[in-house]
2 protein chains.
Amino acid sequence: MEFDTSSPIWLQLVTEFSRRIVTGEWGQGQRIPGVRELALRLGVNPNTVQRALGEMERDGLCRSERTSGRFVTDDSQRISTLRRALVTEAADDYIRVSRGLRMEVSDAVALIDERWNHHDMADLDRARTEA
Amino acid sequence: MEFDTSSPIWLQLVTEFSRRIVTGEWGQGQRIPGVRELALRLGVNPNTVQRALGEMERDGLCRSERTSGRFVTDDSQRISTLRRALVTEAADDYIRVSRGLRMEVSDAVALIDERWNHHDMADLDRARTEA
DNA sequence: ATTACTGTACTATGTGCTTAATACATTAGG
DNA sequence: CCTAATGTATTAAGCACATAGTACAGTAAT
């Protein structure tokens, strides 16, 4: 995975892990890979993964059983709350920038519509390149 | 001004100063306040402002005349390019998150429409509090 | 009991960000 | 000429982040 140098890696990991929980990639109640394995696959230090998962545990998104591993929370409401939080945060960020640039709602919305397909093409390009 | 601890202040300053140029708050060709004055008003160190403006100068957004001060670029095309870059970057960020969360375009667009008014109310609240 | 795996804790090192405090060169204004 | 203001450069200190390496405690499987 690729990381941005302009924000702490452990924070980017919190975002990525949260995304995995919301999408079901890490299913409700399922076991999460160990910190060492995750660190190896992500190309970061185990301590950095530990930091990220520690924060998420503080928020009740997962729990650790000291010897058998870490598990996604069983509370489905917590997961849907997380989903709503992630989505609205992203939307508000976009709105904040758009309004700061003195845009109109209609233009802001039109731009999303327009760029959404660009991302489709980017996905196709990536698939073609990796094939 | 308030700053986020999760990314370098000089980077947040680049964003803020860019916004001021795009909105005309800092007009094309106009003089920019000195690093010491900006630092004082923003509550940061002059070196941090210097770092931010140095980066923007590298991108041709402003120029410095060694003794009389710094000035916004005269190139209006550069400013409109900057505007486009800031807007599309924000839109793409939102799209990336939304798609990562497996949302549909229609939902992503609807959310912008919905939250836009919430921001209106937040503005009204702030105006009322400051009055 | 032994082995292997889990989370957790700790030290040490290097790097970048931020602040503080100077110092210098240049030029506009008086 | 002299003063004030400009951008610029430098050094030192403190802090958070990331990495590496090591170690400990608890449990499941053998």
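Order of the sequence lines fixes the chain letters, A, B, ..., with proteins taken first and strands second; residue numbering starts at 1 for each chain.
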CZ of B:Arg83 to OG1 of B:Thr23, rounded to nearest 0.5 Å, is 8.5 Å
To the nearest 0.5 Å, atom OG1 of B:Thr48 lies from atom CG of B:Leu13 at 7.0 Å
Less than 3.5 Å apart, which donor and acceptor atoms pair up between the side chains of residues 30-37 of chain B and the rest of the protein, not counting sequence neighbours?
{"unit_1": "B:Gln30", "atom_1": "OE1", "unit_2": "B:Gly27", "atom_2": "N", "d": "3.2"}
{"unit_1": "B:Arg31", "atom_1": "NE", "unit_2": "B:Ser68", "atom_2": "O", "d": "3.0"}
{"unit_1": "B:Glu37", "atom_1": "OE2", "unit_2": "B:Arg41", "atom_2": "NH2", "d": "3.2"}

Listing time: all N or O pairs from protein to nucleotides 6-13 of chain C that are below 3.5 Å?
{"unit_1": "C:dT6", "atom_1": "O4'", "unit_2": "A:Thr67", "atom_2": "O", "d": "3.2"}
{"unit_1": "C:dT6", "atom_1": "O2", "unit_2": "A:Arg66", "atom_2": "O", "d": "3.4"}
{"unit_1": "C:dG7", "atom_1": "OP2", "unit_2": "A:Val35", "atom_2": "N", "d": "3.4"}
{"unit_1": "C:dG7", "atom_1": "O4'", "unit_2": "A:Arg66", "atom_2": "O", "d": "3.0"}
{"unit_1": "C:dG7", "atom_1": "N7", "unit_2": "A:Arg36", "atom_2": "NH1", "d": "3.2"}
{"unit_1": "C:dG7", "atom_1": "O6", "unit_2": "A:Arg36", "atom_2": "NH2", "d": "3.0"}
{"unit_1": "C:dG7", "atom_1": "N2", "unit_2": "A:Arg66", "atom_2": "NH2", "d": "3.3"}
{"unit_1": "C:dT8", "atom_1": "OP1", "unit_2": "A:Ser64", "atom_2": "OG", "d": "3.1"}
{"unit_1": "C:dT8", "atom_1": "OP2", "unit_2": "A:Gln50", "atom_2": "NE2", "d": "3.2"}
{"unit_1": "C:dT8", "atom_1": "OP2", "unit_2": "A:Arg70", "atom_2": "NH2", "d": "2.4"}
{"unit_1": "C:dT8", "atom_1": "O4'", "unit_2": "A:Arg66", "atom_2": "NH1", "d": "3.4"}
{"unit_1": "C:dT8", "atom_1": "O4", "unit_2": "A:Arg36", "atom_2": "NH2", "d": "3.3"}

Any A:Ile95 side-chain heavy atom under 4.5 Å of B:Tyr94 side chain: no
task: Start with the C-alpha distance between B:Gln12 and B:Thr15, add both sets of side-chain angles, then the distance that settles side chain to side chain contact (heavy atoms under 4.5 Å, CB included), and finish with yes or no.
output: CA-CA 5 Å; B:Gln12 301 179 50; B:Thr15 302; 5.6 Å; no
N/O contacts under 3.5 Å, protein versus nucleotides 15-18 of chain D?
{"unit_1": "D:dC17", "atom_1": "OP2", "unit_2": "A:Arg51", "atom_2": "NH1", "d": "3.4"}
{"unit_1": "D:dA18", "atom_1": "OP1", "unit_2": "A:Ile9", "atom_2": "N", "d": "2.1"}

Review point. How about A:Ser6 and A:Asp4: does a side-chain donor come under 3.5 Å of a side-chain acceptor?
Key: yes
Exercise. Distance only, no hydrogens: is a donor on one side chain within 3.5 Å (strictly under) of an acceptor on the other, for A:Ser64 and A:Glu57?
Worked result: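 Note: A:Ser64 and A:Glu57 side chains meet the donor-acceptor criterion.
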When rounded to whole Å, the CG to P distance for the pair A:Asp4 and C:dC17 reads 12 Å
For B:Gly54 and B:Arg70 the tightest heavy-atom approach is N-NH2, 4.4 Å
